[in-house]
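What follows is a short report on a single structure.
Just so we're on the same page: letters track the sequence lines, and every chain starts at 1.
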Number of protein chains: 2
Amino acid sequence: MTLDARKKLILESIIKDYVETAEPVGSRTVVKKHALNISPATVRNEMADLEEMGYLEQPYTSAGRIPSQMGYRYYVDCMMEKEALSDKEIEILQKILQDNIHEWNEVIEKVSYFLAQVTSYASFVIFPSVSLSHFKYLQILPIEENKALVIAVTDSGLIMHRKIDVPESVTPGDLETIGKAMNKVFSGRRLNDISRSDLRMIRDSLRRRKKFIDKVLDAVEYILTTSEEERLVISGTLNILNEPEFKDLEKLKKILALLDEGVLFKSIVPEDVTDEVEIRIGTENKIEGVKEISLVVSGYNTLGQRGKIGVIGPIRMEYWKAAGTVETVGKILEEILKERF
Amino acid sequence: MTLDARKKLILESIIKDYVETAEPVGSRTVVKKHALNISPATVRNEMADLEEMGYLEQPYTSAGRIPSQMGYRYYVDCMMEKEALSDKEIEILQKILQDNIHEWNEVIEKVSYFLAQVTSYASFVIFPSVSLSHFKYLQILPIEENKALVIAVTDSGLIMHRKIDVPESVTPGDLETIGKAMNKVFSGRRLNDISRSDLRMIRDSLRRRKKFIDKVLDAVEYILTTSEEERLVISGTLNILNEPEFKDLEKLKKILALLDEGVLFKSIVPEDVTDEVEIRIGTENKIEGVKEISLVVSGYNTLGQRGKIGVIGPIRMEYWKAAGTVETVGKILEEILKERF
DNA sequence: TATTAGCACTCTCATTAGTTGAGTGCTAAT
DNA sequence: ATTAGCACTCAACTAATGAGAGTGCTAATA
């Protein structure tokens with residue numbers, strides 16, 4: 001279904017105005033703010049049409065109109081132009097990242113923080129699980145009297161380590177032998193392809209020092225399981241306190257709980273995202289309890305996998321700004337990660 | 001100043017009641033709930049006395065009384081008996097910790113979470129800075145074509161690492177030589193005693209490979225500076241949404257901002273804490289803007305230093321429960337850390 | 001002298017009624 | 001097709017009223 005030019009203009013006016021003020025928009029306001037040379041009465045007729053078509057709704061008889069979910073959807077799909085980040089903002093972001101490129105951990109935190117600041121919504125960055133990376137290198141490093149460090153490096157450049165006890169009877173030479181043997185089996189394989197039975201096989205092939213080898217394998221297994229989790233960072237949670245729609249404590253509680261609990265939060269982020277920005281408005285998000293939020297999310301590529309980045313805010317959201325920002329920041333994040341890691 | 005037995009009893013009744021209900025307590029209620037065999041009129045007289053002395057206050061004429069800050073202080077100092085954790089709860093905590101003893105990181109997170117759950121206030125754990133630990137061991141480990149890993153281990157058992165680029169011209173043998181030389185200078189020294197001039201000295205003593213050595217030193221410096229920060233974990237932030245005193249959005253915003261910003265939060269935690277539980281009520285906390293919170297905090301020992309653990313909640317707090325819980329959980333945390341790390 | 005019953009008084013909270021004003025929908029004129 | 005005009009609607013604000021909880025004081029009592 002397509003709308004004629006004037007209806008589009010009116011719809012857009014109402015959306016822009018309502019997003020800004022959070023108040024229902026009346027016909028007079030539409031005419032004044034956007035300097036149309038038609039009368040309020042005409043606008044009223046158009047608005048009545050738009051309401052009938054489902055793009056607008058009225059909180060109560062004789063209030064102004066507010067965009068319906070469908071109205072936002074139409075705007076986003078058919079009319080929206082993404083608003084780009086200003087050069088200045090891009091510069092700021094790049095400066096932030098140049099100063100703090102030590103760990104990918106830090107990078108995603110800074111990026112998320114920046115995104116929240118710029119959009120003034122809550123933002124998130126999901127860094128993909130490393131379990132699809134390949135094992136590159138494993139070493140058992142004696143570090144003190146009875147301790148050694150099991151160090152694993154993946155081809156994506158991630159480093160994981162874990163401390164283990166070493167019995168008296170095990171010599172540094174033993175450690176080297178064991179390390180080499182394991183390296184042979186593991187190297188080049190995907191982390192999540194290494195199963196318990198592989199671990200058992202190694203255990204059997206190395207006849208001596210069984211007990212100790214078990215310890216090493218435990219450490220490896222620990223490394224494998226922890227590396228399976230993707231990393232989630234959320235920033236700007238408090239921004240939602242500024243949105244009038246969450247002045248109601250019950251609603252606020254629900255959405256804060258959502259942002260507070262990583263597992264819960266992940267469940268509302270779409271599984272498959274592309275490099276294109278995707279927008280989910282209100283009830284398009286399938287989640288228990290919280291229907292009054294929108295999500296703007298984009299994928300980014302790193303380590304041969306896809307991470308996710310986006311913002312979460314009220315339905316009354318500046319989609320144009322959010323989409324443009326998420327898009328650009330995602331691209332920059334992707335670049336930086338490629339460059340550095 | 002000491003109160004006679006009956007005044008104490010009445011003060012306690014009012015505190016317990018008000019903490020539970022968040023409503024001003026009237027004379028009838030005191031008599032009924034605590035089955036005193038004196039009349040409401042007598043209680044009224046006593047309450048008037050207590051108010052004159054400053055232990056109670058009246059929100060308005062002819063409302064019931066609520067405890068003043070001074071009232072809570074008197075109760076905490078002269079009457080309170082800490083309420084111990086139940087055996088069952090202790091058991092649960094220990095079970096949680098036995099399952100998750102891999103990293104001290106995890107331990108403090110679990111402990112903090114537990115504390116928030118049990119008290120239903122917001123909780124925090126501060127893990128001391130490791131900058132006072134001693135350098136134990138440093139190794140430069142080649143991990144792939146042109147990369148090496150600088151690994152540092154402290155005597156407190158913490159492991160830090162950082163990846164660096166290695167120029168073609170530097171051989172594994174070089175790495176070993178450099179590593180050994182650095183080890184000699186660093187080992188046994190406190191992390192925060194190692195200054196830039198030490199780093200420069202090393203740079204000068206090793207004539208060759210200056211550029212590369214700079215890189216290694218950069219990595220070491222990075223490790224030193226990041227290890228200076230103490231770690232802060234806050235849990236149960238959302239619990240404060242349940243307290244009626246924070247139904248006001250402005251107050252809520254302030255306190256959430258406080259809990260959200262680590263630096264800000266640390267500024268209200270007392271510098272010096274002992275093994276004894278310390279309680280700060282309301283304005284006894286010197287902090288801009290937020291006067292309506294109380295803090296219950298205790299120190300715990302680890303790595304030869306002192307960490308802090310506690311809860312933060314409204315002035316209308318179950319101090320008896322909070323104090324007992326913080327005390328016990330702190331002790332258990334201390335034990336676990338000693339055992340494992 | 002300490003306690004208590006009785007009662008007038010105070011102040012909040014909830015409810016109701018009245019008023020205002022923004023904004024609509026409809027009709028008739030252009 | 002557009003618009004001026006006007007009656008109508010409904011939330012939001014204000015004021016008035018009444019109920020109820022709880023006090024403080026006075027005078028009676030043990």
Side-chain angles (χ1 to χ4, degrees), chain A residues 3-11 13-18 20-68 71 244-245 247-248 316, chain B residues 3-11 13-18 20-68 71 244-245 247-249:
Chain A
L3 298 176
D4 69 58
R6 196 168 66 186
K7 282 202 173 56
K8 276 190 183 176
L9 195 57
I10 290 173
L11 177 58
S13 301
I14 291 174
I15 288 181
K16 295 263 166 155
D17 224 70
Y18 180 66
E20 190 186 339
T21 64
E23 300 288 335
V25 187
S27 52
R28 268 181 69 81
T29 319
V30 172
V31 175
K32 258 195 284 181
K33 286 230 181 158
H34 300 270
L36 306 185
N37 49 0
I38 47 178
S39 81
T42 312
V43 175
R44 277 205 288 284
N45 289 331
E46 296 283 40
M47 277 161 64
D49 288 352
L50 283 166
E51 180 171 2
E52 202 178 352
M53 287 185 266
Y55 297 115
L56 295 179
E57 43 195 45
Q58 230 172 349
Y60 48 88
T61 327
S62 84
R65 302 301 208 294
I66 67 177
S68 69
E245 23 272 280
K247 66 184 192 317
D248 173 25
R316 186 185 56 78
Chain B
L3 298 177
D4 68 59
R6 196 169 66 187
K7 282 201 172 57
K8 276 190 183 177
L9 195 58
I10 289 173
L11 177 58
S13 301
I14 291 176
I15 288 181
K16 296 263 166 154
D17 224 70
Y18 180 65
E20 191 186 338
T21 64
E23 300 288 335
V25 187
S27 53
R28 269 182 69 82
T29 318
V30 172
V31 174
K32 258 195 282 180
K33 285 230 182 157
H34 300 270
L36 306 185
N37 48 0
I38 48 178
S39 80
T42 313
V43 174
R44 276 205 288 284
N45 289 331
E46 296 283 40
M47 277 161 63
D49 289 351
L50 283 166
E51 180 170 3
E52 203 177 352
M53 288 187 267
Y55 297 115
L56 294 179
E57 43 195 45
Q58 230 173 348
Y60 48 88
T61 328
S62 85
R65 302 302 207 294
I66 66 176
S68 70
E245 24 272 278
K247 67 187 191 315
D248 174 24
L249 263 200

- Item | Closest nucleotide among C:dT3, D:dT23, C:dT24 to the A:Q58 side chain | C:dT24
- Task: Could you pull out the closest heavy-atom pair between B:P67 and B:I15, with the gap in Å?
- Result: CG-CG1, 3.7 Å
- Query: For the pair made of NZ in B:K7 and C1' in C:dA2, what is the distance, rounded to whole Å?
  - Reply: 12 Å
- Query: Can you tell which of D:dC10, C:dG25, D:dT23 lies closest to the side chain of A:S62?
  - Reply: D:dC10
- Item | Separation of atom CD in B:E23 from atom C1' in D:dT23, rounded to whole Å | 17 Å
- Message: For a 4.5 angstrom cut-off between non-hydrogen side-chain atoms, does A:M53 reach A:K7?
- Response: yes
- Separation of atom CG in A:N45 from atom P in C:dT24, rounded to whole Å: 11 Å
- Note on the structure: When A:R65, A:E46, A:R44 are each screened for side chain to side chain donor-acceptor pair (under 3.5 Å) with A:S27, the one that passes is A:R44
- Between D:dG22, D:dT3, D:dT9, which nucleotide has the shortest distance from any of its atoms to the side chain of A:T42? D:dT3
- Any-strand Watson-Crick or G-U partner of D:dT29, both distances under 3.5 Å: C:dA2
- Task: Identify the residue among A:I14, A:D17, A:L9 that makes a side-chain contact (heavy atoms from CB on, under 4.5 Å) with A:V30.
- Result: A:I14
- Which one, D:dT3, D:dT23, C:dA5, comes nearest to the side chain of B:S27? D:dT23
- Task: Tell which nucleotide pairs with C:dA29, taking only Watson-Crick or G-U wobble pairs whose two distances are both under 3.5 angstrom.
- Result: D:dT2
- Hey, does the side chain of B:T61 come within less than 4.0 Å of C:dC11's phosphate (OP1/OP2), counting only N and O? yes
- Query: Rounded to the nearest Å, what distance is computed from the CG atom of residue B:L56 to the P atom of nucleotide D:dG24?
  - Reply: 11 Å
- In whole angstrom, give the distance that lies between atom CG of B:D49 and atom P of D:dG24. 11 Å
- Spell out, as yes or no, whether a donor-acceptor pair under 3.5 Å connects the side chain of B:E57 to the backbone of B:I66. no
- Item | d(CZ, B:R65; C1', D:dT23) in whole Å | 7 Å
- Whole-Å distance between C:dT1 P and B:D4 CG? 18 Å
- Name the closest nucleotide to the B:Y60 side chain, picking from C:dT24, D:dT3, C:dT12. C:dT12
- To the nearest angstrom, how far is B:R6 atom CZ from C:dT1 atom C1'? 13 Å
- Task: On DNA chain C, check which nucleotide each of B:P40 and B:P59 is closest to and give me the residue with the more 5' one.
- Result: B:P40
- Note on the structure: Side-chain contact check for B:R44: nearest option of D:dG5, D:dG24, C:dC11 is D:dG24
- Query: So what's C:dG21 paired with, Watson-Crick or G-U wobble, going by both distances under 3.5 Å?
  - Reply: D:dC10
- Item | Nearest-neighbour nucleotide for the A:A41 side chain, C:dG6, C:dG25, D:dA4 considered | D:dA4
- Query: Short question: side chain of A:S68, backbone of A:G54 - any donor-acceptor pair under 3.5 Å?
  - Reply: yes
- Message: Let's see if you can work this out: which of C:dT4, C:dT10, C:dG6 has an atom nearest to the side-chain heavy atoms of B:I38?
- Response: C:dT4
